Every structure is written in C-alpha cells, then in structure tokens.
2 protein chains.
Amino acid sequence: MKNVAALAGVGIKTVSRVINGEPNVSAVTTARVRAAADSLDFHPDLHARNLRRADGRSSTLGLLVGSVGNPFSGAMHRAIEDLASTRGVAVFASSLDDDPDREEVAVSAFLRRRVDGLILTTVSKSQGYLLPELRRGTPLVFVDREPAGVEADVVVSDNAAGAAAATRHLLSFGHRRIAFLGDRTDIQTAQERRRGFLEELGRAGVATADIPVITGLHDEDAANRALIALLESEHPPTAVFSSQNLITIGAVRGLRELGLHRTIALVGFDDVPLADLLEPGITVVAQNPSEIGRLAAERIFARLDGDRSAGRTYVVPTELITRGSGEMRPK
Amino acid sequence: MKNVAALAGVGIKTVSRVINGEPNVSAVTTARVRAAADSLDFHPDLHARNLRRADGRSSTLGLLVGSVGNPFSGAMHRAIEDLASTRGVAVFASSLDDDPDREEVAVSAFLRRRVDGLILTTVSKSQGYLLPELRRGTPLVFVDREPAGVEADVVVSDNAAGAAAATRHLLSFGHRRIAFLGDRTDIQTAQERRRGFLEELGRAGVATADIPVITGLHDEDAANRALIALLESEHPPTAVFSSQNLITIGAVRGLRELGLHRTIALVGFDDVPLADLLEPGITVVAQNPSEIGRLAAERIFARLDGDRSAGRTYVVPTELITRGSGEMRPK
DNA sequence: GTGAAAGCGCTAACAT
DNA sequence: ATGTTAGCGCTTTCAC
C-alpha cells in the first residue's frame, strides 16, 4: 500500500480510502490510485486490516466436520460456503474423524486465526472447553450433534422422529421382528436414532425384549458381518433398520451375499447415492445436510449482526423416501 | 499477550518466547507464563505474528474446486488437508461451479488473506492473471485441468490414456459401434478423453466417421436424453463410453428406461459410488482423487521448502475396474 | 479532499 | 535469562 501511494503520488490514507470505497476522494485521484494499484498487482492485506479495525472481523469462518471427504459434510459445507461467500467470508474446513483430540487441535488452530465464527460437529464428550470463547462473543453453532454443558445454537436432524418414521413404515408392512443396526453408542445421534426406533416399537406394542439391537458398528464391514451373523442365527429378523449411511451399505452387501435382498426388508437412515438405481431401490429416511448447513451459517451471521437471544435448537426434518427395499412383507 | 505478560509479571517478549517455545527462559518463568496464558484463555494471533515475521507465512492454503459438495473434490480436499495438518497449515476451500468469474473472485479473496499456496481446478480460459502472483513466489499447483500460458506444477489424471483403455476394453469385446458421450468441449479434460477415445478407435482401424460422438453434455439429464435419442435412432450403438461421472449416471438411467442395461455395454470415466451394487455393476476407468490431492499438496510444500525447479506435470494413472456393464458382447 | 501520527498484536534486533 | 524498541500493513483519529 505504501508502494501504491508512492507510485500514485498520494498519501497512504488516500490509497486506503480508494481501496475501501470511502467517500471524499476526487475522481482523478481515485483513477490514479486504481491505476497504480493495478500496475503493482496490489491485494490489500486483510489480516493487517483486521488487526487495526474496530470490529476486528477476519471475514473467516471455521467448519469442523467428520470428514470433508464424506458427502454429508460436503453438502453442508457447500451450503455454508454459499451463504458465506455472499458476505465475502471465506471458510476453513477441518476433518475430525471422530477424534476428540483432533477437535481441540482444530478449534485452537481456528481461534488462533481469529475466525469470526465456528460451526462444529462436535465429537468431544464435553464442550466446556469452548465456554471462554463463547463468553468472548465468538458465535458458535453445533451441527448434527448436540453439545453438553454449553448453551449455544444447535442444528440437528430429527433423528428420533426419523427413526420412528422408518420403524413405523416397517411395522405397517407387517414386520414385528425388526433388527436395529446402530453406530457407536457414544455418538449422540446414534443414541437418538435407537431411542426413536425402540419408542416406536413400544408404541406399537411390540415387546422389545427379543428384538435384535446391535450397536457399535462404525463401518461397512462391521455392519456387513453383523447382519450376516444375525440372518444366519436361530431367529433371523424379517426386516432391518440400518441407522447410518455406511451401515446401510454394509447391510445391502450382506443381504446380497445371502441372496436375501428381495426377501428381507430394509430401511436406512440417511440417504445413499444411487439408491434408486439398485434393485430393489433402497428406502431411506433422508437427512437434509444442505438445509442444516444453511441454517447454521444463518445463525452465525445473525449473531454477528447483533442477535443476542438465547441459544436455540433447530430441528431439520427428515423425509422418508420409499424405493422398494422397505416395502416388502415378511415371507 | 500484553495481558498475559502483566498477569505473569514479566515482559511481553518473554511471553512470546514461551508461547513459541524459544530457548533461554527459566523453568519457573515458563510455568508462570503458561499459567497466566491458560487462565486468560490466551490464543496467540497468527495473523499478527505473520505480519512481522521474516518468512511472512500465514500457514494457510487456498483450494479451488468445482464444488466442495462433490465426491471427487471432497476426496482431493481430504488428502490435501491430511498433509497440510501435519504442518499446522489450515485449508480454505471455495467452489467455482465452472464459472470463471467466481475463479477470479475466489483467487483474489485468498490472496488478500495471504495464503502460502494455491491449489486450483481452473475454469478460466487463460491463467495469465496469475502470473504476477507466481512471480511474487506464491506456489501454485493446477489440479485436474491444465493451465494455458502459465508455467507451474500440474497434477492431472491420465485422461487420454484412461479413455483409450476404456475404448480398448469395449473393442476387445467385439464392439465397433461405440458411442461417445462427452462433457462441454471447452473443458480441457473432456477434450483429452475424447482424443483418447478417437485415437484408440483409429489404432484399431475403426472408421470414426459414423461413430456417434456427442459432446456438450453437462448433467445427468442431458446425458440421459442424448443416449435415449441415440438408442432410438436408425443405427444405435452397441456400446457406450460415458466420459464423466454425471454422464455415466444419466446413461445408466437411460439404459434402464429402455430396458437395455443388459444389452448395451457401458464403460464410464471416473468412478461412481455403489457402482458395484448395481446390476450389472458399472465398469469404469477410476480416477484417484486422493493421490491427486496428495501430490498437489506435496508440490506446494516442496516449493515452500525452497524447491525452485521448473514446473512439471504429474500424471496420475487411472484404473480400469470391471464390474459387468462393460463386459457384454454386441447382440 | 487529503495526509501525518498513533496503534492493532506480534516478532526481529538489539540491549541489558 | 529477560526486557526495550521499532516496525509488519493497515485503519483510526485528528489536523489541515
């Protein structure tokens, strides 16, 4: 900027005014400064600006997700970026792989970069470590998983209700022995889905005592093996509710391997790519990651714009999409 | 930092030393400073540090992709993050949607934030606008698409060779009338794939004059309609090479709609999720987005570490994965 | 309409 | 082993 000022033959403050579109600069000076800036290929340093500025905003957001490589995170990320970019805000993203240590490291990395807000899929047991930052006024939105011990905005899918809807769907086709394939129980959304499943069975008057509820499945392979073991057991289920993406895919593979994909009903939680092209198509309770991302970003910006209301939980509805696998009656 | 110094009863430089792990601070002082920093929940400001530091590194990378929501970009992004995080470097990502205007805006946004390097899937006609920045020493790596008019590192898939392999595969099953379904011809990778396809036909002595080569398809729907029109024409092809992800999916839908998915052979470029669970499974030439991302990040860091060698093009091999759809003979 | 000086949070270079 | 001063690139404040 000093160089631009020198080249244009004006004071440094005048360059600042032109770059920031402030008033009180004559048209000729503006043109001279513009020309000088262009010829030097000048890009103003946003960090230096941020250092001195009254509001201290870095025009930067931090996003913490399971993995930037997974489609759910990607869709959320995209929705956040779309809103952020209209405000000239850039988005940092970091993958946690369900590792609480990585969460703390990543949060700290973002705070050192003075992000204006943080959107996170938390994986820690407790989020108390974020309290000082919250008090400092950094907007914080939890997505996909609810925090413990922190009052903040939260955006989640309707996990229990979605799971209940899936269960009701299977019940309506006459199934009574429905297996539940679940993720690790320390994951909060996994608990909610299990709760929704069991409560719906309760409402329907199905004794849950001999219902196979398997948890702790965290990848395709584990789900695949668990389902196969179940189907080869004494009392195999007539239907399966797979409560997560990868579990659903593992379950589909399991059913294929045993040639039971047209016999055993399956409903999954969370949509799966190309699910409609399989035979049968996979019936799922779809989440809406774009809407979750959009809402989260909206909350961040509302807070930055001065909203001081108490933290709220926003529940994004899920949608049952029937494609065939969930509409088979018990043999 | 001033506050920490005051609380610990030491000079500000001593705090700086402790925070940065510099030597020549006594154990007791270190402990006092640490305690003060913790109690104030102090996070050093990386931007302020960057402003003064000799190397002027922001520990930040900019990534420009088609969309952070698509799986190819996601996998690349993840690989880049994995390497970057080992160096404490955070990654900004931005989606371009094949819009050159967005490219310039996004690049400028990242330069203003003084990223240490830029990894980009360029969509502009010419990348000359990046020359000043290159000369300034900012490492630049082009991924997935080769630039024009800029000498820099480039990491791409083996587009022509992959397309040739797919074509050879179909030829080996006796197909002679193979349709080509291609993306917009202004996209460089699309051109390469078409070239590989046609050259392989040439090598096999197949007259390309009456081979249906359709380009300008950019989404599922367009591909779907184009293929259906082709199959209902006078001389339908016996096999199809779909040269991109979405085109492949559109083509599969088209074949299904006409009930020809077990009759017309299909090989796609770029892998498709769950392709192995379809019936028949979709044979593809798979790219390796993780490896592309890893290599790109590696090049950036090599440059930052002082590598001054001339820009090179790195070609990441593709892999033919046979799953059924490509192994059908002509009726 | 314009510019000079001070200061944002930190580190480099030099004291002590 | 520790502290002081200047200055990174910008904005704020205030003077012209």
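For clarity, every value in this text was computed on a predicted model and none was experimentally measured.
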Q: Would you kindly say whether Glu103(B) and Tyr129(B) are connected by a side-chain donor-acceptor distance under 3.5 Å?
A: yes
Q.
Quick check on DNA chain D: between Pro44(A) and Gly11(B), whose nearest nucleotide comes earlier from the 5' end?
A. Gly11(B)
Q) Is Arg145(B) close enough and on-axis enough to Phe142(B), meaning under 6.0 Å and within 45°, for cation-pi? A) no
Q. Is the shortest side-chain N/O distance from Ser16(B) to OP1 or OP2 of dC10(C) below 4.0 Å?
A. no
Q. So do the side chains of Arg303(B) and Val141(B) get within less than 4.5 Å of each other, counting heavy atoms only?
A. no
Q. Is Arg136(B) salt-bridged to Asp41(A), going by a charged N under 4.0 Å from an acidic O?
A. yes
Q.
Using the rule given for side chain to side chain contact (heavy atoms under 4.5 Å, CB included), can you reason through Thr60(A) versus Arg114(A), listing the C-alpha separation, both sets of side-chain angles and the distance that settles it, and then say yes or no?
A. CA-CA 8 Å; Thr60(A) 272; Arg114(A) 297 296 185 264; over 6 Å; no
Q. Please give, in whole Å, the distance from dC10(C) C1' to Asn50(A) CG?
A. 13 Å
Q) So does Thr14(B) get a side-chain nitrogen or oxygen closer than 4.0 Å to the phosphate oxygens (OP1/OP2) of dA1(D)? A) no
**Q.** Separation of atom CZ in Arg32(B) from atom C1' in dT2(D), rounded to whole Å
**A.** 11 Å
Q.
Check the phosphate of dT11(C) against Asn20(B), side-chain N and O only, distance under 4.0 Å to OP1 or OP2. Yes or no?
A. yes
Q.
Using whole Å, what does the distance between atom C1' of nucleotide dT11(D) and atom CD1 of Ile12(A) come to?
A. 10 Å
Q: Starting at atom CZ of Arg57(A), determine the distance to atom C1' of dG9(C), rounded to an integer number of angstrom.
A: 19 Å
Q | Arg49(B) CZ - dG9(C) C1' separation (whole Å) | A | 11 Å
(Q) Measure CE/Met1(A) against P/dG3(C) and give the value in whole Å, please. (A) 12 Å
Q. Nearest to the side chain of Val10(B), which nucleotide is it out of dC10(C), dC8(C), dG3(D)?
A. dG3(D)
Scan nucleotides 12-16 of chain C against the protein and return all N/O pairs shorter than 3.5 Å with their distances rounded to 0.1 Å.
none

Q. To the nearest 0.5 Å, what is the distance between CZ (Arg17(A)) and OG1 (Thr30(A))?
A. 10.5 Å
**Q.** Out of dC10(D), dT2(D), dG1(C), whichever nucleotide has its closest atom nearest the side chain of Asn24(A)
**A.** dG1(C)
Q) Taking OP1 and OP2 of dT2(C), is either one under 4.0 Å from a side-chain nitrogen or oxygen of Thr29(A)? A) yes
**Q.** Nearest-angstrom distance from the residue atom CG of Asp55(B) to C1' of dC8(D)
**A.** 13 Å
(Q) Nearest 0.5 angstrom please: Asp183(B) CG to His218(B) NE2, how far? (A) 5.5 Å
Q) Nearest-Å distance, CZ (Arg113(B)) to C1' (dC10(D))? A) 15 Å
